[in-house]
Amino acid sequence: MSQTKIDVLFTEAEIAARIDGLAKEIANAGFENLLVVAILKGSFVFAADLVRAMHRVGVSPEIEFMHLRSYGAGTTSSGEITVLRDIESDVSRRDVLLIDDILESGRTLAFARDRLIDRGAHRVSVVALLDKPGKRHVEIEADFVGFDCPDRFVIGFGIDMAHAYRQLPYIGAVADNQHDNSAKGDE
Ligand code: IMP
Ligand code: MG
């Protein structure tokens with residue numbers, strides 16, 4: 001495989017500073033008895049940093065994980081979401097904050113939101129590290145956004161291309177002719 005060229009979009013320091021800002025916004029949002037639900041796998045690095053930043057500003061959430069797999073447009077199973085692992089907590093009457101890496105078509109987060117609302121959650125909010133605003137297929141907006149993201153294929157900070165690059169401490173973009181479309185069926 002030829003060397004993948006990566007353009008750095010958001011550095012480690014920029015991401016850390018923005019996560020501290022997000023934690024303050026979340027602390028000021030008036031959540032009670034908050035349950036955060038990190039959507040695996042892509043959000044694991046972001047969620048780990050965000051909950052510790054929330055701790056520093058006095059927020060003490062419970063933490064759960066939901067593992068979803070989504071297939072983007074262009075694959076045979078367009079728009080389909082599969083639950084690979086569900087949360088264990090009872091969400092009825094609770095404030096819930098969904099954490100994801102990227103809000104793109106919106107299908108993944110809309111699916112998770114609707115599932116928790118159906119189970120009686122009182123308030124379901126969304127924090128996305130990256131927002132690709134021009135790409136929405138369903139109606140959902142994040143309550144908290146780390147960065148607006150250009151319409152490019154990005155990797156790093158938990159986000160993968162065909163299961164690789166999640167370990168990068170920064171977020172980079174891959175040249176259009178270099179990314180693997182199989183990464184579209186992603187978590
Ligand atoms: P959607 O909002 O349901 O379209 O899904 C967003 C999910 O697709 C994200 O959580 C990622 O897992 C994946 N995704 C979207 N854009 C990218 C990208 O640029 N690189 C890697 N994964 C992506
Ligand atoms: Mg994801």
Side-chain angles (χ1 to χ4, degrees), residues 1 4-11 14-15 18-19 22 36-51 64-87 96-117 124-187:
M1 195 166 92
T4 303
K5 188 181 171 305
I6 301 169
D7 298 327
V8 177
L9 295 182
F10 306 106
T11 66
E14 285 166 345
I15 297 168
R18 187 63 197 110
I19 288 177
L22 283 172
V36 304
V37 176
I39 309 295
L40 297 174
K41 299 173 190 159
S43 77
F44 81 106
V45 176
F46 174 45
D49 282 2
L50 181 63
V51 295
E64 276 266 23
F65 302 91
M66 189 186 278
H67 191 176
L68 300 178
R69 176 168 293 156
S70 59
Y71 296 90
T75 68
T76 47
S77 45
S78 171
E80 191 188 321
I81 311 283
T82 311
V83 181
L84 300 179
R85 180 198 184 277
D86 209 337
I87 60 168
V96 181
L97 177 65
L98 290 168
I99 304 182
D100 209 356
D101 53 353
I102 306 177
L103 177 57
E104 191 174 31
S105 76
R107 288 191 186 100
T108 307
L109 277 164
F111 176 92
R113 176 196 61 189
D114 294 350
R115 195 172 174 88
L116 298 179
I117 289 171
V124 181
S125 302
V126 169
V127 55
L129 179 58
L130 302 179
D131 185 6
K132 293 183 177 174
K135 303 283 282 184
R136 217 72 88 237
H137 286 104
V138 299
E139 209 173 305
I140 184 165
E141 291 309 326
D143 302 272
F144 311 94
V145 171
F147 302 98
D148 278 347
C149 182
D151 182 18
R152 297 185 63 185
F153 195 85
V154 297
I155 54 172
F157 212 76
I159 301 163
D160 76 309
M161 177 169 73
H163 307 293
Y165 300 107
R166 292 193 200 271
Q167 78 285 359
L168 296 181
Y170 55 86
I171 293 169
V174 180
D176 278 345
N177 60 353
Q178 282 193 315
H179 75 75
D180 176 352
N181 264 324
S182 67
K184 271 291 178 190
D186 196 52
E187 296 128 37

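Just so you know, ligand 1 is whichever comes first in the structure, and atom 1 is the first atom listed for that ligand. Just so you know, these numbers come straight off a predicted model, no measurement behind them.
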Asker: Within a distance under 4.0 Å of any heavy atom of Arg152, pick out the atoms of ligand 1 and give their elements.
Answerer: 19 (O)
Asker: When you compare ligand 1 with Leu109, is there at least one nitrogen or oxygen pair between them that comes in under 3.5 angstrom?
Answerer: no
Asker: Run the salt bridge (Lys or Arg N to Asp or Glu O under 4.0 Å) test against Arg152 and tell me which residues pass, sequence neighbours left out.
Answerer: Asp7
Asker: Flag Val154 as yes when one of its N or O atoms lies below 3.5 Å from any N or O atom of ligand 1, and as no otherwise.
Answerer: yes
Asker: For the residue pair Phe10 and Asp148, what are the closest heavy atoms and their distance?
Answerer: CZ-O, 3.7 Å
Asker: Is the backbone N or O of His67 less than 3.5 Å from a side-chain atom of Arg85, with the two atoms forming a donor-acceptor pair by type?
Answerer: no
Asker: Which atom names give the shortest non-hydrogen contact between Phe144 and Ser125, and what distance separates them?
Answerer: CE1-CB, 4.4 Å
Asker: Can you name the closest pair of heavy atoms from Asp160 and His163 and give their distance?
Answerer: OD2-N, 2.8 Å
Asker: Show the atoms of ligand 1 that are less than 4.0 angstrom away from any heavy atom in Asp100.
Answerer: 10 (O)
Asker: With atom 18 (C) of ligand 1 as the reference point, say which of Lys132, Arg69, His137, Arg136 has the nearest heavy atom.
Answerer: Lys132
Asker: Considering only heavy atoms of Arg107, which atoms of ligand 1 have at least one such atom less than 4.0 Å away?
Answerer: 2 (O), 3 (O)
Asker: Numbering the atoms of ligand 1 from 1, which are under 4.0 Å from a heavy atom of Asp160?
Answerer: 21 (C)
Asker: Give the atom numbers and elements of ligand 1 that come within less than 4.0 Å of a heavy atom of Ser105.
Answerer: 1 (P), 2 (O), 3 (O), 4 (O)
Asker: If I compare all heavy atoms of Glu14 with all of Leu9, which pair ends up nearest, and what's the gap?
Answerer: OE1-O, 3.9 Å
Asker: Looking at ligand 1, is there an atom of it that comes within less than 4.0 Å of some heavy atom belonging to Gly42?
Answerer: no
Asker: Which of the numbered atoms in ligand 1 are under 4.0 angstrom from any heavy atom belonging to Thr108?
Answerer: 1 (P), 3 (O), 5 (O)
Asker: Please determine whether the number of non-hydrogen atoms from other residues, nucleotides or ligands lying under 6.0 Å from atom CD of Glu139 exceeds 12.
Answerer: no
Asker: What is the minimum heavy-atom distance between Ala112 and Met66, and which atoms define it?
Answerer: CB-SD, 4.1 Å
Asker: Give the atom numbers and elements of ligand 1 that come within less than 4.0 Å of a heavy atom of Ile159.
Answerer: 20 (N), 21 (C), 22 (N)
